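Have a look at the structure below before the remarks.
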Amino acid sequence: MHDDRRITEVRLDRFMRERVEPAVYTRSVPLTLTSWDVPDEPVSVMEALRHDFTPLEHGAPWGQPWGTKWLRLRGEVPDSWGTAPDTAVEIVVDLGFTRELPGFQCEGIAWRPDGTIIKAISPRNQYIPLKLLGSGMAVDFYVEAAANPDVAQGWVFAAMPYGDKATAGRDPQYRLGTIAIAELNQTVWELQQDVWTLSGLMHELPMELPRRHEILRALERMLDVMDPDDVAGTAAAGRAALAEVLSRPAYASAHQLVATGHAHIDSAWLWPVRETIRKCARTFSNVVALMDEFPDFVFSCSSAQQLAWMKEFYPELFGRIREKVNAGQFVPVGGMWVESDTNMPGGEAMARQFIEGKKFFLDELGVECREAWLPDSFGYSAALPQIVKAAGSKWFLTQKISWNQVNRMPHHTFNWEGIDGTRLFTHFPPVDTYNSELSGRELAHAERNYRDHGRGTVSLIPFGYGDGGGGPTREMIAAARRTADLEGSPKVRIGTAASFFAQAQDEYASLPVWVGEMYLELHRGTYTSQAKTKRGNRRSEHLLREAELWCATAAVRTAGGYAYPAAELKRLWRLVLLQQFHDILPGSSIAWVHQDAERNYAAISEGLEAIIAGAARALLGEGERQFLLNAAPHERNGVPALAAAEPVRADSPVAVTESGGGYILDNGRVRAVLDANGLLVSLIDHATGREAIAPGQFGNHLELHRDTPNEWDAWDIDEFYRRNVTSLAEARSVTLERDPRLESADAVVVVERLAGASAITQRISLEAGSGSLSILTSVDWQEREKLLKIGFPLDVRADRSASETQFGHVFRPTHTNTSWEAAKFEICAHRWIHVGEPGYGVAVSNASSYGHDVTRSVRDDGGTTTTVRTSLLRAPKYPDPAADRGRHELLVTVMPGAAIADAVEEGYRTNLAPRMVQGANPVSPLFTVFNQGIVVEAVKLAEDGSGDVIVRLYESLGERSEGMVTANFDTKEVHAVDLLERPVEGPGIEAGRDSAKLRLRPFQLVTLRFVR
């Protein structure tokens, strides 16, 4: 047989494009348009409807960037429309949509005159069924049209002005398209879906498979029997020609796909939070409308924050959502406040993501999510399995690791083992997207790509337009129905994520295991981009720790009954959790988002400082004595952990000696030598007498790298950045200064440098009694596409580094033996990173940085140099062309002779600045822990308002630890509880009346309730 396959395929494509698509709507009549432009930020529907609407021409240009235009659409449905069999009347609204995906351009939402939502209007979902208007044959409704600019710009990653209202301009971005009453021919529409499914399947089948050619010939017969001049009249015959190939059942061994509706809505990214709120309303209104039309349709919705917005701003829609939750169609998943980053949030913040998320879903919707749902976060902390299990969940889903640049994960369904040994049933949808259209290409890829064939038979496929929202469409549901049992295709069934997990867990008993972090081999720059956002996050986390501790202490200790500010603390926690969304904290959003974040962090700081001050007054009373409020879990300046007392000053001051144009600082514990360029040429701890700096090298080494990644500018650091570097070793000046801000320091060495056009001032100090040297780097950053790092080459033979993560630390090799290690050329650490050899180590801590790299080399003398560098600043051009421009303060400390325990303590010390408060009376701690390796991470009052005290602790050293935590206040009993403060069996916990004996495994997380 001659191969005319390509001829038929081209014929089909043109026939569908030129004949069938225009025939879906057989006739139409334009609507009368009037409009009102919102002067600035969006307004409520009732506010909009009060304004005068003026006539508007069809095809008119509209929409300055980020503007809103309200349209009123009026008309009358012609007699007899929609009465013929297989026809229906719909309103078609084209706001000027481009070929770009939904969510990255203009979009709208339709409102009835009574202020209730109808459904969304988006590029691939432009219709409104007449029946939804509820006004008979008369058409009268409103569209709130959002002129969101195309910030993506085709993903060329060029600098653009649209991310900031101040630079976005006022020129109209769009031109109205067809806005009309139209008659839908349902037979033609069904034919369109038949062909889309069959053609997509055909193109994925091997050429040697008969099934491919059978589909081709069926499509050819359809083309032959249809009249291109009378598509509506011959569509039924066309469908009949396809019926036989559509009815063939799937292979018995076909892979099974559980399709769950989904709309990954970034809580901020290439749009601000205020627009996300509207995106959620648009998407969710579309979803509930689909549920009314398709009772078997199921939608998975993560992020409690987004539903909280619906409750606050769209209460009528939220009521409809609640009804669909009760019906089992609208299914909350994930149990988190937002789909957060998991690399950078601190331990308590990561726990609060689940506490706030799960409690919202339980309290508002009566649902407890059992899966963690993070399809798009940029790598996954090894602490996550324990946190997820501690929140009462048991499954985990992501697909982002499919973006790895080098290595491919060996499994799609497996057990993930965290740093403490907790294992979590985990699934990566092999479709490699969370925005599936259920196309033939995607379904075939899911089946071919699945790495567990022979052991597992089922995977999950989230479908619906996402990132910028939009969600599923009726076309996708049609595709799911057609591929439920179709020869050559995987078997697709619409269902819940929970039903998938239950099926997969039942069939796959002996799961493979992945141990440790799931490092994303991409987006490594997110550990550093937008430094002010990262500083705000770190500062807020520690202020919340202080506020909850002192408020709980005041509530217990004060006779007058201090009122614990639970509601305000919850509000501030939720705002911090929102900023930890995986495009805000990572620094990968437009300027508007990060400007909002900085304003939020300033407000959070102001609110928490006021709360702390109020609690301190209630605790200390009025007086002139100076007290140190020590919120750290370790003793500080003679003040016990979690207590307030008068600090004890170190006996010996810091000796400062001028030497060769530089200075020697010595406090009796540490001796630091700075040369004439302010470089750290020697660092010795007196306890060991050992030199920490590698021979012939120097620390405090600032280096400026070219930073021009291939794509994803704010997200990525590519390995080749290392090949272009400028050493900033030369100082403009090095002087000695007495610093009145540092009470316990005798002197500060001030070093002035220049990095390109950026002035740098470093203040280097050694506090009396301290075991670490402090370096505060102030930068007026004016660079573009540059990366600034500070490095310490250490005389340590370290085969691995330890980086703090949530409730513990993670080890990573310093070598590059395999591609897995080589890919980790930039790593994330929280407050500290440690390198060591048996008997000796060095810790580098920081107050706001997360990106690091650790490299090793062997010197000519046979010794090993391990270099630790902290990434301080970047300057990407997309999506915020002015990212990080401006003034920054970045604090690092370096501690020689440090064990892991010293690193843990130093991390808290660096991030909890001394808080001196005047008062009359000291305050004893609420709790005493008899083992320094067991660390108190949070002290707070119980969520239920009972007044019980909650303490959260973890084993911090990575070893078996025994100890006791004792309450220093009257208690009735102690319970082990989960993160939601529900009683659980706590392994290694022996609870008494006012204390608990602890026998903890490495990195074990424990939450205790002390009943008052």
Side-chain angles (χ1 to χ4, degrees), residues 109 111-112 114-120 129 131-132 134 258-265 277 279-339 354-373 391-395 397 460 462-464 466 469-474 476-477 480-481 493-503 943-944 980 982:
I109 194 164
W111 297 85
R112 299 181 186 89
D114 65 0
T116 57
I117 289 176
I118 305 170
K119 67 178 290 290
K131 62 186 178 183
L132 295 186
V258 178
T260 192
H262 186 235
H264 178 72
I265 306 175
I277 298 171
K279 283 177 176 286
C280 290
R282 289 190 280 262
T283 300
F284 298 158
S285 64
N286 171 55
V287 164
V288 295
L290 281 176
M291 288 172 179
D292 289 336
E293 190 174 354
F294 302 102
D296 60 338
F297 170 55
V298 172
F299 179 77
S300 294
C301 179
S302 70
S303 301
Q305 169 69 90
Q306 296 181 357
L307 289 173
W309 284 329
M310 297 304 97
K311 181 184 178 185
E312 180 179 359
F313 297 108
Y314 299 90
E316 182 266 339
L317 176 59
F318 185 71
R320 293 163 63 193
I321 290 171
R322 183 181 275 128
E323 291 174 1
K324 297 303 183 183
V325 170
N326 294 336
Q329 288 185 272
F330 196 108
V331 183
V333 295
M336 296 178 70
W337 190 246
V338 296
E339 290 185 17
F354 288 93
I355 293 168
E356 292 300 327
K358 294 195 79 165
K359 280 189 63 63
F360 181 90
F361 287 139
L362 280 165
D363 294 346
E364 296 292 340
L365 300 170
V367 173
E368 179 163 8
C369 306
R370 295 297 186 181
E371 68 289 292
W373 185 278
S393 296
K394 56 185 179 180
W395 302 313
L397 177 136
L460 192 71
F463 71 93
T473 65
R474 62 184 176 184
M476 296 175 194
I477 296 172
R481 290 179 167 181
R493 71 169 174 87
I494 292 178
T496 65
S499 73
F500 156 74
F501 277 111
Q503 180 182 347
E943 294 285 321
D944 60 11
L980 274 67
R982 301 172 296 196

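Computed from a predicted structure; not experimentally measured. Along the sequence shown, residues are numbered consecutively beginning with 1.
Panel note: side chain Thr116, backbone Arg112; no donor-acceptor pair is recorded below 3.5 Å. Arg493 places no side-chain N or O within 3.5 Å of a backbone atom of Ala259 that could act as its donor or acceptor partner. With hydrogens and angles ignored, the 3.5 Å screen pairs a side-chain donor or acceptor of Ser393 with a backbone N or O of Cys369. Without hydrogens or angle criteria, Thr283 side chain to Cys280 main chain gives no donor-acceptor distance under 3.5 Å. A side-chain donor-acceptor contact under 3.5 Å links Asn286 to the backbone of Gly470.
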Take Ser303 and Ile265, measure what side-chain contact (heavy atoms from CB on, under 4.5 Å) needs, and give me the verdict at the end.
CA-CA 9 Å; Ser303 301; Ile265 306 175; over 6 Å; no
Begin from the C-alpha positions of Glu364 and Lys311 and carry the test salt bridge (Lys or Arg N to Asp or Glu O under 4.0 Å) through to its verdict.
CA-CA 9 Å; Glu364 296 292 340; Lys311 181 184 178 185; 2.6 Å; yes
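Pairing each heavy atom of Ser285 with each of Leu317, the nearest pair is CA-CD1, 3.9 Å. In this structure, Leu362 and Arg982 approach most closely via the heavy-atom pair CD1-NH1, 4.2 Å. Of all the heavy atoms in Gly261 and Pro472, the pair that sits closest is CA-CG, 3.8 Å. Residue Gln305 comes nearest to Val338 through the heavy atom pair CB-CG1, 3.7 Å, listed as atom of the first residue, atom of the second, then distance. When all heavy atoms of Glu356 and Glu943 are compared, the pair lying nearest together is OE2-OE1, 4.3 Å. Heavy atoms only, all atoms of each residue included: Ala498 and Glu371 are closest at N-OE1, 4.4 Å.
Contact of the Gln329 side chain with the Val287 side chain is not registered, since no non-hydrogen atoms from C-beta on lie closer than 4.5 Å. Residues Trp373 and His262 meet the side-chain proximity criterion, which asks for heavy atoms closer than 4.5 Å. Side-chain atoms of Phe284 and Gln306, non-hydrogen and from C-beta on, do get closer than 4.5 Å to each other.
Atom CG of Leu290 is separated from atom CE of Met476 by 9.5 Å, given to the nearest 0.5 angstrom. Distance check: Phe463 CZ to Ile477 CD1 gives 5.5 Å after rounding to the nearest 0.5 Å. For the atom pair Lys119 NZ and Ile109 CD1, the distance stands at 9.5 Å (nearest 0.5 Å).
Remark: Tyr314 engages no residue in a ring pair (Phe, Tyr, Trp, His ring centres under 6.0 Å) (not counting sequence neighbours).
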Can you give me every donor-acceptor pair (side chain of residues 293-302, partner residue at least two apart or in another chain, under 3.5 Å) with its distance?
unit_1, atom_1, unit_2, atom_2, d
Asp296, OD1, Arg481, NH2, 3.2
Ser300, OG, Thr260, OG1, 2.6
Ser302, OG, Glu339, OE2, 2.4

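Below 30°, between 30° and 60°, or above 60°: for Trp337 and Phe360 the angle between ring planes is above 60°, a perpendicular geometry.
Of the residues Leu307, Leu365, Val367, the one that meets the side chain to side chain contact (heavy atoms under 4.5 Å, CB included) test with Phe330 is Leu307.
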